[in-house]
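Quick notes on the structure that follows.
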Amino acid sequence: MIQKIIRFLRGYVKIRIAGYSPERFLNLCSYHQIYLWGLSPCENSYEMYLSLSAFRRLRPIVRKTHVHLTVVQRAGLPFLLRRYRRRKLFFVGFLLCVSLLYVYSGFIWDIHFEGNEKWTDEVLLEFLAEKDVTPHMRKKEVDCAGIVRDIRKEYNDIVWVSASIDGSRLRIQIKENDDTFETTAKEEEKPNDLVAAEDGVITQIVTRAGTPQVHIGDQVKKGDILVSGRVDVMNDAGEVTDYQYKQADADVYADTQMEYEDTMDVSYRQKTYGKPSKYQVFLQIGRWRFTIGSLKNSYKEKEVFSAEHQMKLGENFYLPVTYGKYEVKPYTSAEKKHTEKEIQDELSENFIQFSKELQEKGIQIQENSVKIHIDQNSASAKGILYLNQKIAEKADTEILEIERKNEDESLGTDN
Amino acid sequence: MKREAEKESLKERLAAAANMPKDVVLGAPVVTILGTGEMCIENYRGILEYTDLLIRVQTKGPQIRLHGKELQIEYYTNDEMKITGRIESLEYIK
């Protein structure tokens, strides 16, 4: 392959040798260290390739051996240049291409981020833009150490940054601190009660902190205190001497009820799309917009779809060029009615979905009395769900002041 | 003639005794055949005849005669040539 390229660059010719003793010609060539290749016999003559510089040394050998030499083919760069030497614009274009390549390679064309999960490319790009680091900046002006410093200063949870220039791309590698995803802030030590979030009958209660106020089988209303965050401190006489306030913590399950209702229309409009859709394609450069096709129509009912794409170079260099397509679809609509079976299927499907969502939240459905009613215009699924669920909800504890009796103080001094 | 043959055998014995490569000392042709389609000849004097059925090559010793089909000389320099094609027979002619 390399040999072929070298041959092409230097130029080579294919010649045909005919005459009394072409073999002698070949032997003389090898004696004069002239390299021949692709030698093939061809009706009392030989054809072969040799390089342009070797061809220039051939004249004395040809004379000596009295052979007849014809050039069959010329190939290679020197011949190409000679053939196209009058095409000045071609050379101008070539020079322009080389110089543009040189100039353009002096710019950053793309910014590439690696290793970022929490901070998205867009956020980081915006931040870098504030620091005047953008695609299309000059490569010389890029201060990698400065970028690293800025990012480290701005984002605390980015623990390691490396910025490097990779050709015409600025590569920024980031290592984020995984620990910051967890909430490290301490929970407030404010005391709280647990109150009922809904009406119901308590079925189970497990208290870990606080004083339970209800028992299994109690009927509670929304807002009733279930577990108090206040713990009484008693003295030997069984009197309350002080209160300790805690964050109440308990699992409280209760049987609750919930109304369920889901309605749907019996009738619906069915769309049938007509055939000739109208298309318009556009290309927008800056403020200029070129369109092909027209959206003019006299459709009564129609849907318009549009899609728009912004062109970008590489990953993050957006150009002010957008292209896209509009489509107008005509349709005719007709009123239709669902059949009874369809209604039933859809409403039960909805109900099953709803039950699943409840179960995912940890709520058990013990019983339901949901029934489907179909009227002339609408259909509904209605009923009551009997559930068993956690009903505790946090609420602030009322802080009580202790009434201190004067006797207590005198008692203390007596001893 | 006899003297020449004697000289030759003396050279040969000398080369064998000194453990020297014979292609260098005696100018013996080195023929390398790869499969049936490729052949290299080194240490030759020149081409005597070349068609796509027969190639004759002169060496310092005997003449090499190569029969085959679609024979072609891939390249050709002062000390080595490479022949491709379907090789059928190779003869040495004194």
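Residue numbers start from 1 in every chain, and the chains themselves are labelled A, B, ... in the order their sequence lines are given, proteins ahead of strands.
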Once rounded to the nearest 0.5 Å, what's the spacing between atom [atom1] of [X] and atom [atom2] of [Y]?
X: A:I108; Y: A:T134; atom1: CD1; atom2: OG1; result: 9.5 Å
X: A:L170; Y: A:I172; atom1: CG; atom2: CD1; result: 4.5 Å
X: A:K131; Y: A:I147; atom1: NZ; atom2: CD1; result: 11.5 Å
X: A:D110; Y: A:K312; atom1: CG; atom2: NZ; result: 9.0 Å

The interface call for A:Y46 against chain B, heavy-atom contacts under 4.5 Å, is side chain
Say whether A:N116 and A:D121, considering side chains only, have a donor N or O and an acceptor N or O under 3.5 Å apart. yes
Going by residue number, which parts of residues 1-40 of chain A are within reach of chain B, meaning a heavy-atom gap below 4.5 Å? A:E23, A:L26, A:N27, A:S30, A:Y31, A:Q33, A:I34, A:Y35, A:L36, A:W37, A:G38, A:L39, A:S40
Engaged part of B:E74 at the chain A interface, taking heavy atoms whose separation is under 4.5 Å: backbone
Given that the side chain runs from C-beta out, which part of B:I47 has a heavy atom under 4.5 Å from chain A: side chain, backbone, both or neither? both
Pair A:Q280, A:K325 - check side-chain contact (heavy atoms from CB on, under 4.5 Å), show working. CA-CA 6 Å; A:Q280 187 180 53; A:K325 192 174 91 168; over 6 Å; no
Apply the test side-chain contact (heavy atoms from CB on, under 4.5 Å) to residues A:V159 and A:E176: give CA-CA distance (whole Å), side-chain angles for both, the deciding distance (0.1 Å), then the verdict. CA-CA 6 Å; A:V159 290; A:E176 286 172 357; over 6 Å; no
Centroid separation under 6.0 Å, is that true for the rings of A:F113 and A:W119? no
Hey, do the aromatic rings of A:H136 and A:F107 have their centres closer than 6.0 Å? no
Shortest non-hydrogen separation from B:R86 to B:L71 and the atoms involved: O-CD2, 4.1 Å
Checking heavy-atom separations under 4.5 Å from chain A, one finds in residues 49-58 of chain B B:E49, B:Y50, B:T51, B:D52
Please determine whether side-chain contact (heavy atoms from CB on, under 4.5 Å) holds for the pair A:I174 and A:E114, giving the CA-CA distance in whole Å, both sets of side-chain angles, and the decisive distance to 0.1 Å. CA-CA 6 Å; A:I174 285 171; A:E114 270 173 35; over 6 Å; no
